[in-house]
Structure formats: C-alpha cells, structure tokens
There are 2 protein chains.
Amino acid sequence: MEIATIKDIAKALNLSTSTVSRALRGSYEINPETKRIVLECAEKLNYRPNPIALSLKENRSRAIGVVVPEIDNPFFSQAINGIESIAYNRGYHVVIFQSHESYDREVVNIQHLASRRVDGVLISLSGQTTHVEHLKELHSKGMPIVFFDRFSDEINTHKVVADNYQGAFDGTEHLIKSGKKYIAHLAASPTLSITRERISGYQAALEKHGIPYNEDFVKYCNFSIEDMEKVIDELLSQPILPDAIFTVSDRLAMACLKILKKRNIRIPEDMALMGFTNLKVAELLSPSFTSVIQPALEMGQRAAELLLDMVEKKSKNPVYQTVKLPTELIIRDSTKIVTD
Amino acid sequence: MEIATIKDIAKALNLSTSTVSRALRGSYEINPETKRIVLECAEKLNYRPNPIALSLKENRSRAIGVVVPEIDNPFFSQAINGIESIAYNRGYHVVIFQSHESYDREVVNIQHLASRRVDGVLISLSGQTTHVEHLKELHSKGMPIVFFDRFSDEINTHKVVADNYQGAFDGTEHLIKSGKKYIAHLAASPTLSITRERISGYQAALEKHGIPYNEDFVKYCNFSIEDMEKVIDELLSQPILPDAIFTVSDRLAMACLKILKKRNIRIPEDMALMGFTNLKVAELLSPSFTSVIQPALEMGQRAAELLLDMVEKKSKNPVYQTVKLPTELIIRDSTKIVTD
DNA sequence: AATATTTACGCAATCGTTGTCGGCAACGTT
DNA sequence: AACGTTGCCGACAACGATTGCGTAAATATT
C-alpha cells in the first residue's frame with residue numbers, strides 16, 4: 001500500500017510541496033509549464049490525494065453514517081440502495097451500522113459515528129428506542145441528522161416518512177369494503193412513530209365506517225420471531241376471532257401467513273391478510289399478498305438529498321421539513337372479496 | 001460539531017499535549033495524580049480521540065470496503081449483515097459500494113476504495129466483470145482483498161464461496177430422482193465463477209444418471225428483468241420443452257415463477273422449478289419453493305474474519321485459502337414428485 | 001558530598017495537504 | 001535610476017495525535 005504523496009512528486013521534480021499542491025489544483029500563480037510537468041509526474045506516479053489528510057485539514061470526512069435496525073430487511077436494504085446512489089453521485093461514502101432493534105446498540109453506533117467524524121447521519125430508530133438523548137446531544141453539537149421512516153418528535157430536523165396514516169387508512173378501508181368487520185391490527189413497538197401513525201389511520205377508517213374500535217384486536221409485538229408467534233397465538237385464541245389481520249411489517253406478515261397456513265385457516269375466506277410490506281415477491285406468495293407498499297428507495301434518496309444539502313450548506317437557518325411520501329395499496333388475493 | 005481535542009485538555013490543565021496523550025493512554029511515566037486530573041478533564045470535556053488524525057499517523061483507517069453488485073438482494077444483504085457483525089466486534093467500520101452489476105461502476109468503486117485508504121476490501125464481482133486488472137493493481141500494492149461468492153482465479157488471495165458444484169449437483173440429482181428428464185439450467189453471466197461451478201455440478205449429475213447433456217437447455221442471462229424474460233421465453237419456445245428448470249438466482253427464480261404462472265404452466269406437474277436462492281419466504285410461495293440455500297450470513301462472517309486477520313497480521317507469508325461452505329437443499333412443493 | 005538513577009514532563013518531528021506569508025527575479029513606469 | 005508591479009515559487013504553520021529524545025528536579029547510591 002505504498003501510495004505516492006505530494007512530497008514524492010515534489011522530491012522527484014525538485015519543487016516544494018506547496019508548488020506541487022497548487023499546480024495540481026490548477027492555481028493561476030503557477031507557470032503553465034510547471035503545471036504540465038507536475039501533472040505528468042503525478043500521472044506517472046499514480047498520485048491520488050489522501051482523503052484522510054484532507055479530512056483532518058478540512059475537518060470533514062465526506063462520509064455519512066447510516067443507522068438502520070437491520071440491513072437484512074427488504075425495506076431497509078432498498079432504502080440503503082437509494083441512499084448509496086445519491087451519496088455516490090455527490091462524492092460521499094456510506095458507512096453502515098445496524099442497531100439490531102436494540103437501544104444499547106443504537107447508542108453505541110451513534111457514539112462511533114460521532115467520534116468517526118462523519119459529516120452527517122441518516123437514522124431509522126430501533127424498536128427499543130424510547131428516548132433520544134444520544135441523538136439530541138449529537139444534534140446539539142451541530143451534527144446534521146435526518147430521520148427516515150422511524151423518527152422522534154423530540155428532535156427538530158428533516159424527516160422523510162411514508163404516509164403511514166393514509167396507508168393504514170386505505171388498507172383498513174379496503175378490508176372493510178371487502179366485507180370484513182373484525183379487523184385486527186398487528187402493530188410493532190408502541191414507541192415507534194410509525195406504529196402510532198398506522199394505528200391512527202386504522203382507527204380513523206373504522207370510525208368512518210361505523211365499526212367499533214376493539215382494543216383486543218390491536219396487538220403490539222417486537223421483532224423477535226418468538227414474540228410474533230406468541231402474539232398471533234393470543235390473537236387467535238380470543239373469544240371473538242378477527243376476520244382480517246392487518247400487519248405492519250414484512251416479517252410479521254410472513255409469520256402470520258405461516259401460522260395461518262399451518263392452522264389451515266383459509267385466506268381470505270376465514271381470514272383476510274394484509275401487510276405494510278416491501279416484499280418484491282408479494283404477488284408470488286400463496287395466496288398472493290395484498291400490501292401497502294412504502295417507497296423505500298425514494299425515501300432513502302430523499303433523506304440522503306436532504307442530509308447532503310444540510311452538510312454542504314452552511315445556512316444557519318434551516319427550515320426543517322417533514323417529507324411525507326405516498327404509499328401504494330396493491331390489492332391481491334389475500335384480501336379478495338369472498339362471494340359465497 | 002465542536003469536539004474537544006487533546007490540545008483543549010492541555011490548555012485547560014496547563015500541560016503539554018504529549019503529557020495529556022500519554023496520560024490518556026496510561027503511560028507509566030506519568031504521575032498517577034496527573035493522570036487522574038487529565039482523565040477527569042477529558043471526561044468533563046467529553047473528549048474523543050480523532051480517528052482521522054490517528055488514521056493519518058498510522059496510515060490506516062479502521063474501515064473496510066465492501067463491494068457488492070446490489071445491496072437490495074437478499075443474498076448480499078445477508079452477507080453484509082455477517083460482515084458488519086464481525087467488523088463491528090473488531091472495531092472496524094464498513095463502507096458500502098454497489099457495482100450494480102456494471103464493470104465500469106466496479107472499477108470506479110475500486111478506485112474510490114483505494115484512494116479512500118480503506119484497510120481492506122471484500123468484494124463479490126459484478127456480472128459484467130471479465131478481467132480484474134483493477135483489482136490486480138490494488139492487490140499488488142498490498143491491499144488485502146478477500147473475495148466472497150463471486151471470485152476471480154487471476155488473483156491469489158482468500159476466497160469464501162458456497163460449494164456451488166455440490167449444490168448444483170445435489171439440486172440436479174434431486175430433480176432427476178423426482179422423475180424429471182429434461183432439466184434446463186438457467187445460468188447467470190458465463191463469466192462468473194459461480195456460473196461455471198454450478199454448470200459443472202449440473203452436468204456431473206446428469207452424467208451420473210445417464211442423462212444426455214443438451215446445450216439448448218442451458219441458457220445464460222444477465223441481471224436485467226428484460227433479459228430474463230427473453231431467455232425464459234426462448235427456453236419455452238423450443239421444440240423439446242424441459243420438464244424442470246433449475247435457476248441460479250433469487251431474481252431469476254422469481255421471474256421464472258411469474259412467467260410460468262402467467263402461462264398457466266402447472267408446477268411441478270408440467271414443470272418443476274428449483275433455485276439457488278436465499279429468499280426467506282421460499283416456503284410461503286405458491287407453490288412452496290425448492291431451493292439450494294447458500295449460507296450467506298456465514299459467508300460474510302468468514303470473509304470478514306479472513307480479511308481482518310490479513311489486515312492485522314503483518315505476516316508476509318499468507319497461506320491463502322479458499323473456504324468452501326456447504327449449501328443446503330430444501331425440498332418443497334415446486335419439485336414434488338407427481339404420482340399420476 | 002558527589003554522582004548516578006529515576007521520575008515526570010516538554011519539545012519537536014511526523015503523517016499529507018493546504019493557506020499565509022514572504023521573497024526574488026524580471027518586467028514596466030516615471 | 002528609482003520605484004512599483006507582476007509572475008512564480010518556497011518556507012512555515014496548521015489540522016490532531018503519537019513518540020523519540022532531551023532535561024530538570026527529586027531521589028538513590030556510593
């Protein structure tokens with residue numbers, strides 16, 4: 001890993017490093033002939049400026065940190081795809097961290113990011129996160145932060161989210177219009193913004209159609225398979241069974257589908273099933289799966305753009321916005337109207 | 001982003017930066033009392049060593065670069081998950097790059113990585129990559145490189161791969177034992193190592209069971225949806241139709257499934273379908289999907305471990321190994337034996 | 001008491017690069 | 001001839017941290 005430095009060029013040409021530096025940047029006060037020679041030599045030695053030295057000098061790293069609960073989750077990997085594409089085009093690198101839905105890991109990740117001197121942070125909160133002092137501290141020190149998908153109201157900054165309320169409303173209304181009356185809602189962690197928004201949408205749709213809200217039909221669960229199965233079991237062992245389940249994540253939807261199949265509960269005849277998912281194979285599932293789809297890629301792109309704008313503009317009066325992207329309801333067989 | 005430096009501590013305590021530095025690292029030649037004061041002050045100022053300054057001095061970044069074709073692909077996101085977990089535990093950060101299956105992008109990514117001074121590179125080659133001069137150059141300069149999944153024989157270094165030959169052999173044999181005789185193989189780019197290995201396994205299984213190898217049953221395709229559909233169309237419009245298709249990627253398997261369903265071709269009665277996939281929802285597909293599964297997470301972990309061992313050990317006599325991890329054949333309905 | 005050793009700290013160089021300053025020529029201007 | 005201007009370039013400091021070397025004072029040794 002011996003890489004030529006500006007000094008090597010200077011030594012080879014018997015010039016000072018200042019002159020070489022200026023020649024490389026095309027400064028007007030360098031003789032064109034000297035420039036030519038320097039550039040030639042740089043080419044020959046395959047000179048590449050050392051970004052670490054620049055970072056030290058300019059006090060910035062041209063890297064942004066991304067903290068997600070799990071990379072290995074279609075929604076987040078699609079979002080990261082969007083983030084990477086924007087960052088790449090604007091000359092930034094993307095450093096990835098996973099919180100694994102753990103608050104403690106998230107805190108440690110944030111500490112790493114801070115000491116790493118990334119230029120900005122994109123984050124989607126872990127399911128365990130209930131307070132955000134770790135982010136507040138970072139933010140108060142001037143670190144640009146943009147939330148996507150899962151945010152906290154306690155920090156005033158840009159947020160990019162799906163229209164969870166409308167998505168849940170549309171999905172629930174679709175279930176109602178399909179003739180379902182006992183609609184369960186399998187929610188994620190009650191502390192997450194997305195959870196609250198989706199439950200609001202769910203409730204609003206029920207209310208609009210005069211269906212009473214039944215607390216027993218709303219279940220929260222974390223992201224472990226065990227917990228999901230336990231909660232689904234609970235739901236299915238109540239005196240009044242739901243005739244539809246609206247789940248809020250890829251994994252939850254799949255866990256439901258699996259359990260319902262195992263129990264030979266017919267979908268959608270006995271139970272309609274729908275999810276807030278980003279699975280590309282939804283249409284190939286059995287039955288094909290009705291989903292409220294979030295624009296994950298676009299969310300990542302928009303969040304990255306907002307972040308890099310913050311990073312690059314020194315405007316001390318940022319007008320923070322919350323970008324709300326529309327969801328899309330794709331209706332398939334798992335919520336088909338049963339005509340019998 | 002005003003972060004306290006060692007100078008701030010020195011100034012506050014009226015000490016030299018050398019003393020502060022040594023006190024922080026617990027050097028024996030610093031008075032215990034002085035150490036106490038320094039540590040206290042560092043705590044108060046929330047001092048964090050600047051990794052960029054360290055990088056410059058030590059000529060290393062404590063970051064590794066990862067180049068994958070697409071993050072948004074279950075196999076690679078699972079592998080990155082494994083990479084991140086190992087890197088995290090060993091104090092390294094992970095910088096992500098996507099080649100989008102493009103050779104040109106891959107070259108640019110490698111250039112970025114090189115000038116970025118990452119300490120090592122994990123790479124899975126793009127589908128377009130036919131020569132690896134860009135990597136050779138990097139490798140010859142001493143940059144530790146470890147391949148995972150898709151490697152090149154032209155570079156002598158660690159490789160972590162699935163046992164593609166055996167996986168393809170097992171899968172093909174399973175199809176044969178299910179009564180299939182006209183087994184097509186939908187391969188990826190012919191330049192990829194995994195493609196060659198899998199075709200070998202496929203051929204070996206055919207040979208073992210006395211089934212003639214038919215060139216028309218082996219089709220290559222790149223990673224675009226259009227190309228996949230074109231190739232599948234070609235396969236299905238031949239005079240002799242296959243009675244089984246063995247696909248080699250998630251996307252290809254899904255494209256196949258979709259087209260076969262659209263054409264009302266019954267699976268597995270008319271056509272068995274099997275893939276080299278890492279979809280977690282394989283069992284929930286319709287029909288449930290037989291797959292040769294690669295240990296993606298473990299591949300990422302092993303590759304990261306090998307890379308970090310190289311990075312940290314200055315042993316100038318590395319014995320390069322090719323780690324071959326076993327695949328697992330999960331038999332489901334899409335290749336069920338039809339008894340009629 | 002004179003010398004040797006230990007303790008505890010500061011100075012300055014270093015990593016690669018850039019910005020500030022200054023300087024030395026070779027001009028042009030009066 | 002004396003002065004100002006311009007073109008072109010080098011020395012030095014700085015970014016944050018570490019480290020080899022030097023050294024004063026305190027202590028130990030003879």
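Because only heavy atoms are used, hydrogens play no part in the values below, and waters and symmetry mates are left out as well, while side chains stay in. So you know, we letter chains A, B, ... as the sequences are listed, proteins then strands, and number each from 1.
- Phosphate contact (OP1/OP2 of dA8(C), side-chain N/O of Asn31(B), threshold under 4.0 Å): present.
- Nucleotide dT18(C) holds its C1' atom 9 Å from the CZ atom of Arg22(A), rounded to whole Å.
- Per the geometry, CD1 belonging to Ile37(B) stands 13 Å off C1' belonging to dA8(C), to the nearest Å.
- Residue contacts for Ser21(B): at a heavy-atom cut-off of 4.0 Å it reaches a base atom on one of the strands shown.
- His93(A) and Tyr88(A) have their aromatic ring centers separated by at least 6.0 angstrom.
- What separates CZ of Arg60(A) from C1' of dG16(D) is a distance of 18 Å, to the nearest Å.
- Between Arg25(B) atom CZ and dG16(D) atom P the separation is 17 Å, expressed in whole Å.
- Rounded to a whole Å, the CD atom of Glu29(A) is 14 Å from the P atom of dG22(C).
- Remark: Ser18(A) is not in phosphate contact with dG19(C), judged by side-chain N or O atoms under 4.0 Å from OP1 or OP2.
- At a threshold of 4.0 angstrom between heavy atoms, the contacts of Ser55(B) with the nucleic acid are absent.
- Protein atom CD1 of Ile3(B) is 10 Å distant from nucleotide atom P of dA17(D), rounded to whole Å.
- Atoms CD1 (Ile52(A)) and P (dA17(D)) sit 15 Å apart, rounded to a whole Å.
- Distances shown here put every side-chain N or O of Thr19(A) at or beyond 4.0 Å from the OP1 or OP2 atom of dC9(D).
- Ser189(B) contributes no side-chain N or O that, together with a main-chain N or O of Asn222(B), makes up a donor-acceptor pair within less than 3.5 Å.
- Tyr103(B) pairs by the ring-ring contact (aromatic ring centres under 6.0 Å, His included) definition with His131(B), His134(B), not counting sequence neighbours.
- One interatomic measurement links the two molecules: CG of Asn59(B) to P of dT17(C), which rounds to 11 Å at whole-angstrom precision.
- For Lys7(B) and dC15(D), the shortest distance from a side-chain N or O to OP1 or OP2 is below 4.0 Å.
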